[in-house]
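Side-chain atoms are counted along with the backbone in the values below, which use heavy atoms only and exclude waters and symmetry mates. Just so it is clear, the model here is predicted, and its values are computed rather than measured.
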Amino acid sequence: MPIISEEEIQQLLRTVEMFEAITESQPEDYQSWEILKEAYSKLGRQEDSLRASKKLANSHITLGQISQAI
């Protein structure tokens with residue numbers, strides 16, 4: 001995992017907080033799940049990243065986008 005600055009860590013934590021709120025209220029928002037998955041990954045939170053990946057796939061399935069879900 002590349003080393004990231006304290007400033008970038010703080011920005012990622014703010015991003016996570018914001019997009020967790022968005023995905024809680026709009027669970028089908030696949031773009032927000034994608035951003036959240038990447039932020040978790042950059043922070044080294046692999047379990048959270050995997051959980052977000054699963055939610056991302058489920059949101060694609062809900063929208064009938066099976067190939068994207070796969």
>> Under the criterion side chain to side chain contact (heavy atoms under 4.5 Å, CB included), I'd like the reasoning laid out for Gln46 against Ser41: C-alpha separation, chi angles, the key distance, then a yes or no.
In response: CA-CA 6 Å; Gln46 298 310 316; Ser41 181; 4.2 Å; yes

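Qualifying side chain to side chain donor-acceptor pair (under 3.5 Å) partners for Lys55, counting only residues two or more places apart in sequence or in other chains: none. Shown here are the side chain to side chain donor-acceptor pair (under 3.5 Å) partners of Glu6, two or more places apart in sequence or in another chain: Gln10. Shown here are the side-chain contact (heavy atoms from CB on, under 4.5 Å) partners of Glu17, two or more places apart in sequence or in another chain: there are none. Residues that satisfy the side-chain contact (heavy atoms from CB on, under 4.5 Å) test with Ile70, not counting sequence neighbours, are Ile66. When the salt bridge (Lys or Arg N to Asp or Glu O under 4.0 Å) test is applied to Arg14, no partner is found at least two apart in sequence or on another chain. Partners of Ser5 by side-chain contact (heavy atoms from CB on, under 4.5 Å), not counting sequence neighbours, listed by chain and number: Glu7, Glu8. Residues forming a side chain to side chain donor-acceptor pair (under 3.5 Å) with Glu38 (at least two apart in sequence, or on another chain): none. Contacts of Gln31 classified as side chain to side chain donor-acceptor pair (under 3.5 Å), with partners at least two apart in sequence or in another chain: none. Remark: Thr15 engages Gln11, Phe19, Ile35, Ala39 in a side-chain contact (heavy atoms from CB on, under 4.5 Å) (not counting sequence neighbours).
For the residue pair Ser53 and Lys37, the shortest heavy atom distance occurs at OG-CD, 2.8 Å.
The ring pair (Phe, Tyr, Trp, His ring centres under 6.0 Å) pairs that include a residue from residues 39-59 number zero, where partners must be two or more places apart or lie in different chains.
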Using residues 56-63 as the side-chain source, report each donor-acceptor pair under 3.5 Å to any protein atom, sequence neighbours left out, with the distance given to one decimal.
from  : atom 1 : to    : atom 2 : distance (Å)
Asn58 : ND2    : Lys54 : O      : 3.4
Ser59 : OG     : Leu56 : O      : 2.7
His60 : ND1    : Gln65 : OE1    : 2.7
Thr62 : OG1    : Asn58 : O      : 3.0

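No donor-acceptor pair under 3.5 Å is formed between the side chain of Thr23 and the backbone N or O of Trp33.
Atom CZ of Arg45 is separated from atom CG of Leu12 by 10.0 Å, given to the nearest 0.5 angstrom. Rounding to the nearest 0.5 Å gives a distance of 5.5 Å between CD1 of Ile4 and CG of Leu43.
Grouping Ile, Leu, Val, Met, Phe, Trp and Tyr by side-chain contacts under 4.5 Å, direct or through others, leaves Leu50 on its own.
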